[in-house]
There are 2 protein chains.
Amino acid sequence: MTGVRHASLTDVAELAGVSHMTVSRVINGTGPVRAETRARVLAAVEKLDYRPNSAARALVTGKTGNLGVVALDSTLYGPASTLYGIENAAREAGYSVTITSVSAPNRTSIADAIETLRRQAVEGIVVIAPHVATGKALAHMPSDVPLVAVGGGEHAPVPVSAVDQYDGARRVTEHLLALGHRTVWHVAGPADWLETRDRELAWRETLERHGAKVPRVVRGDWSSRSGYEAGRELAGQKGLTAVFVANDQMALGLLRAFSETGIAVPKDVHVAGFDDVPEAAYFSPPLTTVRQDFIEVGRRTFRQLAERIAGRQPQVRDLVPAELIVRESTGPR
Amino acid sequence: MTGVRHASLTDVAELAGVSHMTVSRVINGTGPVRAETRARVLAAVEKLDYRPNSAARALVTGKTGNLGVVALDSTLYGPASTLYGIENAAREAGYSVTITSVSAPNRTSIADAIETLRRQAVEGIVVIAPHVATGKALAHMPSDVPLVAVGGGEHAPVPVSAVDQYDGARRVTEHLLALGHRTVWHVAGPADWLETRDRELAWRETLERHGAKVPRVVRGDWSSRSGYEAGRELAGQKGLTAVFVANDQMALGLLRAFSETGIAVPKDVHVAGFDDVPEAAYFSPPLTTVRQDFIEVGRRTFRQLAERIAGRQPQVRDLVPAELIVRESTGPR
DNA sequence: AGAGGCAGTGTTAGCGATAACACTCACGGG
DNA sequence: CCCGTGAGTGTTATCGCTAACACTGCCTCT
């Protein structure tokens with residue numbers, strides 16, 4: 001039952017026959033305590049099932065040991081993995097993580113989420129919301145709480161860690177060109193995502209650098225459904241031999257559309273994705289894609305935030321390299 | 001910069017020329033305050049950018065407004081969605097959510113996670129970890145903090161909300177039998193998951209009730225890879241015409257294996273999954289599966305926890321119905 | 001031998017909020 | 001006209017902890 005008040009430092013002190021300060025010193029390892037005294041205190045702690053009151057501690061120290069994460073209310077593989085990466089790193093460092101989700105990535109909801117977290121007295125905030133709007137929203141945020149972003153754009157006003165989108169997209173495009181295609185089509189993500197921009201830019205510049213014609217961009221919204229629609233649209237396209245799809249989910253939809261319209265992959269068309277979701281190796285056919293180490297991103301993000309909390313100014317951009325994973329969808333015909 | 005101390009109630013009071021209690025009353029809406037006074041106080045609040053100190057408040061009220069969620073360190077669609085469902089419901093009710101992930105669902109790590117959360121002074125805890133071991137672990141947990149589980153088993157010692165696994169599996173099995181199959185094979189999940197047990201039991205009992213022979217169970221681990229292996233294994237099986245796979249990821253792997261071994265779905269074999277991940281409609285072929293409303297599960301889970309926190313004893317098991325989604329993988333041949 | 005230092009412990013004063021109660025009026029009823 | 005009542009406000013105690021400093025011995029150094 002609830003209602004049995006918790007033991008306090010004073011209760012422990014009384015039972016151990018010492019002052020509450022001595023108990024505090026034992027608990028926190030601050031200051032010297034005789035071994036015998038320490039043992040007595042610990043016995044009392046054990047007996048009373050004492051647990052420090054974090055509110056009282058926070059009140060006097062000004063530190064809560066809490067971090068806030070603003071997360072997209074989504075189960076997209078990337079954001080979800082990043083969240084766990086951050087949580088793991090934070091927990092190892094003794095921080096707890098409070099999560100607030102936003103359904104729409106507009107300025108108001110981000111600001112609300114941050115405000116909510118500040119009211120919770122978090123020591124620092126990570127924003128996972130890789131939209132253009134997010135970057136802009138962050139530019140207007142009050143700066144009295146350390147803030148870092150993940151997956152953000154190059155002009156973000158806060159430190160950012162992310163997988164190197166440009167590099168990944170360049171690699172996959174070059175991989176396709178190296179297979180002998182005259183050009184590579186692109187199914188992009190939503191225009192307001194920063195990752196979309198990076199991937200699209202890399203694709204475009206890589207084509208240009210190789211003297212290839214740059215086809216019009218087909219745009220999706222990351223969902224398989226939109227990939228499917230893009231696939232139906234591209235199916236009628238003459239001269240289509242290679243497609244770089246901006247994420248694996250859309251690539252799945254596109255593969256489905258191609259299959260329905262009698263286009264064989266990889267025989268007729270090569271297809272590559274981005275993300276390397278765990279399922280990508282079991283698509284039909286298994287998908288060539290770009291692997292992102294989201295856990296590492298989470299780790300670095302936490303590290304940057306920790307630096308900020310400690311009062312240092314970390315580097316502003318911290319890129320994790322991407323890895324090209326070649327599978328059958330760009331395999332021998 | 002950090003370092004500019006936050007304004008306190010007293011600061012606001014001074015600026016507004018009232019006592020700190022009056023400010024407190026304005027902030028919390030407790031007790032009567034003259035309209036003119038309130039306005040003056042609010043102006044001071046605004047001017048000083050005052051934000052209540054949650055630690056001080058928690059210290060004196062004994063309420064932190066914090067809930068803890070023990071989550072599987074996984075990006076599985078179900079657990080991730082449930083997390084967001086809980087977070088949404090909690091936020092609407094004014095609670096914040098602290099998340100702690102566990103990588104292995106054994107008793108020790110669950111106990112550690114709960115201990116961590118208790119140290120954070122959460123008012124209640126939700127455990128998302130639908131393993132047999134979890135249920136057992138919870139049986140031994142100290143009961144002085146309200147605790148509910150999600151996706152748990154029927155013998156769990158705490159309130160539980162979940163999608164009705166049994167019902168969903170029964171429906172999908174009956175759907176397959178109704179298509180004229182003499183029996184239905186089953187690729188099950190890991191034996192230590194509660195959901196695995198429910199789905200498997202429903203499948204078995206449904207077959208028996210219809211007088212169908214019960215084939216041996218092939219077991220996977222939820223991953224596409226394991227589904228693929230199950231598919232390779234089943235491909236050689238004589239008389240195989242229908243397979244119920246315990247989740248969509250494994251079904252994807254199985255479809256891949258069937259495709260490689262020349263088995264046509266749905267022409268030669270019917271396949272159904274479970275979960276209705278957003279991609280399931282774009283598998284090859286689109287997958288018949290069972291939809292689970294994880295958001296609703298999250299909502300109900302929060303509601304149960306709120307009841308517990310309020311000191312009431314909610315019903316012990318709260319089941320959300322499952323929905324059968326029929327697609328081409330069990331379609332006309 | 002006296003001063004200084006340090007291990008080991010205690011005392012006191014807040015941190016910033018709410019709870020509980022006290023006080024001052026103005027007003028209405030007997 | 002006096003008193004009870006309730007609106008509006010203030011005073012004080014307290015939540016559980018840590019910071020800062022004070023105190024007591026005992027040991028070491030000069």
Side-chain angles (χ1 to χ4, degrees), chain A residues 2-42 44-45 48-66 94 118-123 144, chain B residues 2-42 44-45 48-66 94 118-123 144:
Chain A
T2 332
V4 286
R5 231 188 71 269
H6 269 307
S8 73
L9 265 194
T10 321
D11 300 329
V12 176
E14 220 160 274
L15 181 61
V18 296
S19 80
H20 71 275
M21 265 324 289
T22 301
V23 180
S24 171
R25 282 190 265 257
V26 170
I27 300 287
N28 298 296
T30 61
V33 177
R34 213 152 36 105
E36 194 254 333
T37 313
R38 178 194 320 282
R40 237 178 23 216
V41 167
L42 288 177
V45 163
L48 297 178
D49 190 26
Y50 169 74
R51 222 175 302 274
N53 181 318
S54 57
R57 185 178 278 174
L59 179 58
V60 64
T61 60
K63 295 184 179 310
T64 54
N66 254 101
R118 293 180 65 192
R119 227 180 271 282
Q120 281 297 312
V122 295
E123 289 183 43
D144 64 344
Chain B
T2 330
V4 285
R5 230 188 70 271
H6 269 305
S8 74
L9 265 195
T10 322
D11 300 329
V12 176
E14 220 159 277
L15 182 60
V18 296
S19 81
H20 71 277
M21 264 324 289
T22 301
V23 180
S24 172
R25 282 189 265 258
V26 169
I27 301 287
N28 299 297
T30 62
V33 177
R34 211 149 38 101
E36 194 256 332
T37 314
R38 179 195 319 283
R40 233 174 29 209
V41 168
L42 288 176
V45 164
L48 296 178
D49 191 26
Y50 169 74
R51 223 176 301 274
N53 180 319
S54 58
R57 186 178 276 175
L59 178 58
V60 65
T61 61
K63 295 183 178 311
T64 55
N66 252 102
R118 293 180 64 190
R119 228 180 270 281
Q120 281 297 313
V122 295
E123 289 183 43
D144 64 345

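Every chain is numbered from 1, with letters handed out A, B, ... down the list of sequences.
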ask   = Quick one: are B:D144 and B:R118 in side-chain contact, heavy atoms under 4.5 Å?
value = yes
Stretch residues 34-41 of chain A: residues that reach within less than 4.0 Å of DNA chain D through a heavy atom = none
task = Can you sort out which residues in residues 53-64 of chain B have a heavy atom within less than 4.0 Å of DNA chain D? Ascending by number, please.
result = B:L59, B:V60
Hey, could you give me the [atom1]/[atom2] distance between [X] and [Y], rounded to the nearest 0.5 Å?
X: A:K63; Y: A:S54; atom1: NZ; atom2: OG; value: 15.0 Å
X: A:T10; Y: A:Y50; atom1: OG1; atom2: OH; value: 8.5 Å
X: B:N53; Y: B:L9; atom1: CG; atom2: CG; value: 9.5 Å

In whole angstroms, how far is the [atom2] atom of [N] from the [atom1] atom of [X]?
X: B:H6; N: C:dA17; atom1: NE2; atom2: C1'; result: 15 Å
X: A:I27; N: D:dC17; atom1: CD1; atom2: C1'; result: 11 Å
X: B:L9; N: D:dT9; atom1: CG; atom2: P; result: 16 Å
X: A:Y50; N: D:dG16; atom1: OH; atom2: P; result: 10 Å
X: B:E14; N: D:dG10; atom1: CD; atom2: P; result: 13 Å

ask   = Mind checking what makes side chain to side chain contact (heavy atoms under 4.5 Å, CB included) contact with B:V18, not counting sequence neighbours?
value = B:A13, B:A16, B:T22, B:V23, B:T37, B:R40, B:V41
inquiry  = Test of understanding: with side chain to side chain contact (heavy atoms under 4.5 Å, CB included), list the residues that count as partners of B:R57, not counting sequence neighbours.
reply    = B:I27, B:N28, B:P52, B:T61
request  = Specify the residue among B:V18 and A:T30 whose closest nucleotide of DNA chain D lies further upstream toward the 5′ end.
outcome  = B:V18
Nearest heavy-atom neighbours spanning [X] and [Y]:
X: A:T64; Y: A:E123; answer: N-OE2, 2.9 Å
X: A:H6; Y: A:R51; answer: CE1-NE, 4.4 Å
X: B:L42; Y: B:V26; answer: CD2-CG1, 3.8 Å
X: B:R38; Y: B:V33; answer: NH2-O, 3.3 Å

Anything under 3.5 Å between a protein N or O and an N or O of nucleotides 11-13 of chain C, put it in a table, one pair a line.
residue : atom : partner : partner atom : Å
C:dT12  : O4   : A:H20   : NE2          : 3.4

Bending between helix ends of the helix from C:dA1-D:dT30 to C:dG30-D:dC1 [5 pairs per end, 10° resolution] = 50°
